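Each chain gets a letter, A, B and so on, in the order the sequences are listed, and its residues count up from 1. Since we're looking at a predicted model, the values are computed, not measured.
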Amino acid sequence: MTTDRPAVLAGLAALAAFALGTLAVVADPADAALAALVASGLLVGVRVPWGGSIPMGVAAITATAALRPHGHAAAALAVALAVGAALVAAGNPRKEALTIVGRCAGSMVGALGATLAVAAAVDGDVPILASAIGAAGGAIVGDLALSLLAPGDGASIELRAALPVHLTLACAGILVAVAVDGVGVAMASVAAFPLLITRFSFDRYADVTDTLQQTVQALGLVPELAGLAPLGHSERAAVYAEAVARELGLGRAATARVVTVTRLHHIGAVPHDPETHQVGTSASDIAAVGARIVREAGMPADIADLLATANADSLDAVAPTLEAAVVRVAATFDELVGDDPRGADRGLAVVSGAARDAHSRRAAAALLELFAADGDLVGDAIEAGDRFREAAVGLDLDSVTAGRSAGDILPFHRRS
Amino acid sequence: MRRALEIFAAVTATVVVVVAALTGDAPSWLVVIAFGALVMLAENTVVFVHASTAISPSFMIMMAAIAVFGPSDGVLGAALVGACGGLYLPHIRSRRFGILAFNCGQYALSSTAAAAVYYAAFANPGGLMQLLAAGCAALAFGAVNVSLVLPYAAKTAGERAGVVWADMYRALPNYLSWGMLGLLVGLVCDELGALAIVLLAVPMGIGRWTFRSFSRVKEAHDASLHLFIRLIEAKDPYTAGHTERVAKYTTYIGEELGLAPSRLEHLRQSALMHDIGKLAVPGRLLNKPGRLTQEEWDVVKRHNTAGIDILANIDFMRTMAVAASDAHGRFDRGAGSMPADLLLEAHIVAVADAFDAMTSTRSYRRALSQAIAYEELRANAGSQFNPECVEALIVAIERRGEQFGAGHEVDAHEFETPPPVTGVGSAGLGDLEATP
């Protein structure tokens with residue numbers, strides 16, 4: 001289907017103007033103004049580190065619910081949701097748009113519900129501060145409740161990572177409500193400044209997090225380009241590592257660390273010193289050399305430590321931490337399976353059988369669990385690895401290492 | 001000079017306080033003490049974050065105090081609350097009374113200026129006038145603060161005022177907005193009470209936390225790039241130092257062409273990564289003494305291109321890989337679907353790469369002289385090389401009076417069999433090219 005996007009947007013804008021105009025006539029110009037603020041706020045998200053975003057409109061939802069009489073607030077929010085939903089749908093893939101709109105609806109219901117509850121609990125006039133705090137709390141609870149229900153991973157967020165963003169938005173919303181009530185709209189607009197700075201700083205943070213992950217992804221390819229591991233190995237192992245880490249309920253920071261280290265687990269096999277051309281030769285050597293060069297390069301100590309203890313290529317060693325066990329299970333499993341899904345059962349059996357300590361058993365059990373729940377994890381992993389293979393067609397990357405015997409370097413379970 | 005500024009700030013502030021006490025009402029001492037204590041607390045807990053994101057909570061609290069006081073008692077109140085901003089404990093402990101006097105004085109004066117402007121401009125409450133008055137007050141605070149602190153800081157650091165200013169002016173929009181926010185909080189202080197502090201402190205605390213996390217991840221990213229570059233250099237020890245030099249030349253060209261700092265940074269990273277394709281090239285060919293056969297050259301070229309293509313599957317690497325690709329570096333190859341700024345980067349890297357290849361000793365020939373390298377670049381300008389980049393490089397090197405090439409090589413590689421003296425290389429991997 002080919003659509004003319006500017007025309008669609010113009011149509012939507014006209015509809016939005018009509019809806020807001022109607023609201024201004026039947027209800028109040030203030031409602032229309034707040035609805036416009038909420039609707040445009042739905043379009044601008046503050047990015048949460050490690051994925052997902054929270055619309056800045058949540059602050060405006062808080063202010064609207066706190067400032068207007070319940071009926072007016074409900075009407076304004078309903079119109080804002082309709083207008084905002086159309087605009088969000090025009091600019092986002094369907095699934096993501098659905099999640100964003102659903103979560104905003106959750107915030108709206110939460111905020112309105114909370115102000116109603118506050119009004120019911122207080123006799124007589126409700127102080128604006130009480131209803132603003134109620135609305136802010138309701139909006140956060142509503143958003144989090146809906147984001148837990150949200151299907152898939154696209155726009156979902158993690159509670160701990162989202163809380164700082166939510167708190168900032170709540171503070172701004174409360175301040176706007178109290179200031180509009182006590183000082184006037186013009187001066188209250190000042191309360192939006194911290195929002196802009198918040199958005200900028202969270203954005204920058206999320207950006208650099210993404211870039212770091214991509215550079216690590218590229219670093220993971222280096223041993224493969226050098227013929228020290230099959231092309232796509234680090235990418236596939238990273239898919240398994242992430243899935244297992246999630247299954248075990250590790251937080252986003254820990255999951256990111258596990259994925260990073262899984263991607264880097266062969267880096268110690270790459271010659272890194274132009275003088276000596278020194279490389280790690282045994283599994284524990286590769287881990288130790290990898291940890292050393294990662295540390296020397298100035299990467300965070302937790303990455304280097306995990307790399308040293310993960311000992312990713314040796315099944316016999318004891319995993320000192322759960323994170324180390326996840327790295328090892330993911331890396332070993334991919335070494336056994338590679339790009340052939342038929343190897344999955346054997347891989348599972350070997351990995352489970354070799355698990356000697358409690359951490360490794362938990363990680364292996366999580367992998368088994370994943371297979372029971374979703375059979376196509378291997379397919380997803382192979383697809384992730386395959387995107388690098390097209391560019392390598394016709395190359396003999398093994399020849400890159402010719403002159404040294406590649407077999408000595410890695411205790412690799414190559415499939416015949 | 002410093003002493004004079006200290007005396008000036010302290011004496012002027014004292015005069016202002018005396019005049020305000022004689023002409024105006026006395027402010028509520030409870031409010032003065034409460035806000036003064038808050039200002040002092042804020043000043044002593046704040047850790048400097050970053051020039052453009054530095055937020056001074058004490059400044060916001062001074063502005064809030066101005067809104068809490070009224071026109072009759074506000075000037076004196078603002079001066080007293082402001083003066084508390086100078087009470088920095090480490091200065092008190094180390095008995096640095098000069099700087100204490102200066103800071104108390106300059107904060108008192110800044111705060112007084114803001115209060116005076118706010119009360120004068122803001123006759124009847126509400127509406128846009130109030131917003132305007134708040135903006136002017138924040139500006140007045142900034143103007144007095146900067147004009148006192150700038151010469152003082154410049155003297156202390158031994159730098160020209162212009163240099164210090166270049167660091168400071170980026171933060172001004174932030175200051176303006178945070179100052180107005182402080183006033184707003186002061187205006188709603190009656191309703192909010194102590195919660196006002198929470199509403200200010202939470203976003204600021206989170207802002208600081210975000211910035212620190214950002215810095216940590218940024219450091220990790222720089223480190224991972226560094227590791228990448230190290231792995232590339234280890235792959236091809238004959239060109240050790242090569243990437244660093246190419247990065248230097250690209251920066252010369254970029255500066256000469258007037259690129260923005262952020263682009264220069266990206267350009268530098270791209271230059272450091274320009275040999276990523278070599279990661280996929282068999283080491284025995286890269287390090288083979290003498291010229292390659294046609295067959296070997298084909299393998300090198302194919303692996304180099306494939307290495308770049310494989311890495312270009314990663315978004316962030318794609319912008320780097322473009323600069324690495326010989327196909328994009330050639331000036332007469334045209335842009336295709338490439339964004340213009342990335343194309344320019346590829347052109348710049350190609351010229352820098354060629355210049356370094358010619359002016360350093362390789363396994364098959366000795367380094368050429370700088371004059372011959374210039375000649376060669378100019379001869380191929382318009383076809384292989386972007387003429388603007390060629391001229392920019394030559395101008396930049398000549399202006400610095402630097403010498404590269406034969407007789408001026410830094411960390412030249414020692415070869416077992418000395419390379420022949422003749423032969424003219426060309427760009428990048430062209431260096432390894434089979435006999436033409």
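Most heavy-atom pairs under 4.5 Å with chain B: of the set A/Asp210, A/Val216, A/Val208, this distinction falls to A/Val208. Ranked by non-hydrogen atom pairs under 4.5 Å with chain A, the options B/Ala134, B/Ser224, B/Ala220, B/Ala312 are led by B/Ser224. Residue with the most contacts toward chain B among A/Gly182, A/Pro164, A/Gly298: A/Pro164 (heavy-atom pairs, distance under 4.5 Å). With chain B as the partner, the residue from A/Leu167, A/Val165, A/Val222 showing the most heavy-atom pairs under 4.5 Å is A/Val222. Considering only heavy-atom pairs separated by less than 4.5 Å from chain A, the leading option among B/Leu225, B/Asp309, B/Leu181 is B/Leu181.
Across B/Trp209 and A/Phe202, no two heavy atoms sit closer than the pair CZ3-CE2, 4.2 Å. Here the shortest heavy-atom pairing between B/Leu227 and A/Val294 reads CD2-CG2, 4.0 Å. A pairwise comparison of heavy atoms in A/Val190 and B/Met180 identifies CG1-C, 3.4 Å as the closest pair. Here the closest heavy-atom approach between residue B/Phe228 and residue A/Leu219 is recorded as CD1-CD2, 3.4 Å. Of all the heavy atoms in A/Val183 and B/Gln130, the pair that sits closest is CG1-OE1, 3.4 Å. B/Val188 and A/Ala179 get closest at one heavy-atom pair: CG1-CA, 3.7 Å.
Heavy atoms closer than 4.5 Å to chain B are found in the side chain of A/Leu221, but not in its backbone. Only the backbone of A/Ala188 comes within less than 4.5 Å of a heavy atom of chain B; no side-chain atom from C-beta onward does. Heavy atoms of B/Leu184 lying under 4.5 Å from chain A belong to its backbone as well as its side chain. Contacts between A/Leu195 and chain B at a heavy-atom distance below 4.5 Å are absent for every atom of the residue. With a 4.5 angstrom heavy-atom cutoff, A/Asp181 touches chain B only via side-chain atoms.
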- Task: Take A/Arg204 and B/Thr210 through the side-chain contact (heavy atoms from CB on, under 4.5 Å) test and state the conclusion after the steps.
- Result: CA-CA 9 Å; A/Arg204 209 168 52 149; B/Thr210 315; over 6 Å; no
- Could you please spell out the steps behind the side-chain contact (heavy atoms from CB on, under 4.5 Å) verdict for B/Ile276 and A/Leu225? CA-CA 10 Å; B/Ile276 45 177; A/Leu225 293 177; over 6 Å; no
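The line from CD of B/Glu219 to CG of A/Leu212 is 11.5 Å long, rounded to the nearest 0.5 Å.
Residues forming a side chain to side chain contact (heavy atoms under 4.5 Å, CB included) with A/Ala308 (at least two apart in sequence, or on another chain): A/Ala291. In this structure, the side chain to side chain contact (heavy atoms under 4.5 Å, CB included) partners of A/Ile133, at least two apart in sequence or on a different chain, are A/Leu129, A/Ile174, B/Leu195.
Within 6.0 Å of atom CZ in B/Arg263, more than 12 heavy atoms from other residues, nucleotides or ligands are found, so the atom counts as buried in its surroundings.
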